[in-house]
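Reviewing the structure listed below.
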Amino acid sequence: MVLPFSKSQIERLGRRLVDQSPPAQADLDDLAALLGAYDEVLDAASSEVRDLGYAPTGRLKNTGTILEKLRRHGGTWLKSIQDLAGLRVVIEGGLRAQDQVAEEVMQRFSGCAKTPKLIDRREDPRQGYRAVHVIVFPDGVPVEVQVRTRFQHNWAEVFEKLADLVGREIRYGEEWWLPGEREVPQLLGLSPEADPPLKRTIEAISFTKKNVNTLIKLLLEMSANVAELEDLLTDPLTPPKRAEALKATMGEHLDEARSVIEGVEVSITGYKTLEREARSLAERFGRVRSEHD
């Protein structure tokens with residue numbers, strides 16, 4: 001499969017997608033054509049991994065995620081991206097089985113023009129995320145194959161759910177904002193005590209922010225616990241009863257995290273109406289202030 005554009009054309013496309021807001025329709029059409037080509041390569045790579053006896057799930061990054069990453073990394077990122085197309089393999093074994101699967105994937109694609117590349121996120125985790133990634137190059141096109149243990153996958157699913165709720169910035173350890181939170185400094189120029197809707201809005205935002213920060217801390221600690229647990233489970237000297245107890249403890253941690261996320265979701269839903277009131281109040285405050293300036 002040959003991509004429909006050269007590397008220089010893809011680089012220029014990435015720059016245009018970043019420089020223009022909103023992007024031109026012609027550039028979005030070119031991005032769709034590029035994704036279509038990646039999709040064909042992804043299907044072929046998925047067949048190869050299935051032939052190894054595994055059941056991969058595949059995905060292409062969507063347009064919104066690509067645009068966000070381009071804004072974060074710059075337009076030139078589009079030509080060198082390695083996870084535009086990706087496969088995920090979740091295994092029931094431990095770390096040794098994970099290493100074995102990664103090696104099998106590397107061997108399967110070793111005949112490609114470019115040698116597969118191994119990225120071990122267990123040794124170099126990102127905001128608690130741990131897995132083994134193998135970048136393979138069928139037809140010279142990069143496809144990321146994520147190999148996760150069940151524990152690593154469950155943790156990642158919980159963290160991704162939180163990122164969907166409050167913003168992908170938490171995946172990079174960056175400052176993040178709840179809906180309506182940026183308006184709070186303006187709103188504080190009003191009188192919360194004299195305006196009950198405003199007071200409820202600020203309290204709801206503060207409460208939810210605290211919950212999310214607590215959950216992020218819990219998840220990062222849990223990630224370290226997962227790594228320690230899997231090391232113990234890989235050790236043949238770990239008694240079976242001890243191993244089962246460790247698995248049960250991790251299940252309890254994951255249940256706790258899911259429960260807190262549900263609370264965060266309820267909080268965010270609860271102040272959606274208050275957020276609209278907050279924006280209205282902020283606009284009103286801005287008009288009043290401009291009239292007196």
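Remember, predicted model here, so these are calculated numbers, not experimental data. All residue numbers in this chain count up from 1 along the given sequence. These numbers come from the heavy atoms of this one structure, side chains and all, not from hydrogens, waters or symmetry mates.
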Quick check: closest heavy atoms across [X] and [Y], and the distance to 0.1 Å?
X: Pro23; Y: Leu17; answer: CB-CD2, 3.7 Å
X: Pro142; Y: Ile81; answer: CG-O, 3.5 Å
X: Pro4; Y: Ala33; answer: CG-O, 4.0 Å
X: Ala85; Y: Tyr38; answer: CB-CD2, 3.8 Å

| query | Between Phe159 and Trp155, does the ring centroid distance fall short of 6.0 Å? | reply | yes
| Step-by-step side-chain contact (heavy atoms from CB on, under 4.5 Å) determination, Arg15 to Leu13 | CA-CA 5 Å; Arg15 290 181 183 277; Leu13 173 61; over 6 Å; no
Does one side chain, of [X] or [Y], offer a donor that lies under 3.5 Å from an acceptor on the other?
X: Asn62; Y: Thr65; answer: yes
X: Tyr54; Y: Glu104; answer: yes
X: Lys117; Y: Gln82; answer: yes

| Side-chain donor or acceptor of Thr214 paired with backbone N/O of Lys210 under 3.5 Å | yes
| Between Gln152 (side chain) and Thr149 (backbone), is there a donor-acceptor pair under 3.5 Å? | yes
| request: Any chance you could lay out the side-chain contact (heavy atoms from CB on, under 4.5 Å) test for Ile91 and Gln98, step after step, and finish with the verdict? | output: CA-CA 7 Å; Ile91 64 171; Gln98 188 177 24; 3.8 Å; yes
Could you give the distance from [atom1] ([X]) to [atom2] ([Y]), rounded to the nearest 0.5 Å?
X: Leu3; Y: Leu34; atom1: CG; atom2: CG; answer: 6.0 Å
X: Phe137; Y: Lys114; atom1: CZ; atom2: NZ; answer: 4.0 Å
X: Leu162; Y: Glu157; atom1: CG; atom2: CD; answer: 13.0 Å
X: Gln127; Y: Glu174; atom1: CD; atom2: CD; answer: 9.5 Å

Results of salt bridge (Lys or Arg N to Asp or Glu O under 4.0 Å) for [X] - residues two or more places apart only:
X: Glu144; result: Arg59
X: Asp27; result: Arg16
X: Lys161; result: Glu265

All side-chain contact (heavy atoms from CB on, under 4.5 Å) counterparts of [X], not counting sequence neighbours:
X: Arg71; value: Leu67, Glu68
X: Glu160; value: Asp164, Arg168, Arg171
X: Ser8; value: Ser6, Arg12

| field | Evaluation steps, side-chain contact (heavy atoms from CB on, under 4.5 Å), between Val145 and Ile135 | value | CA-CA 6 Å; Val145 183; Ile135 311 299; over 6 Å; no
| said: side-chain contact (heavy atoms from CB on, under 4.5 Å), that's the test. Do Leu95 and Arg122 meet it? Break it down for me. | reply: CA-CA 10 Å; Leu95 301 181; Arg122 300 170 303 183; 3.9 Å; yes
| message | Can you confirm whether Lys209 sits close enough to Trp176 that some side-chain heavy atom of one is under 4.5 Å from a side-chain heavy atom of the other? | response | yes
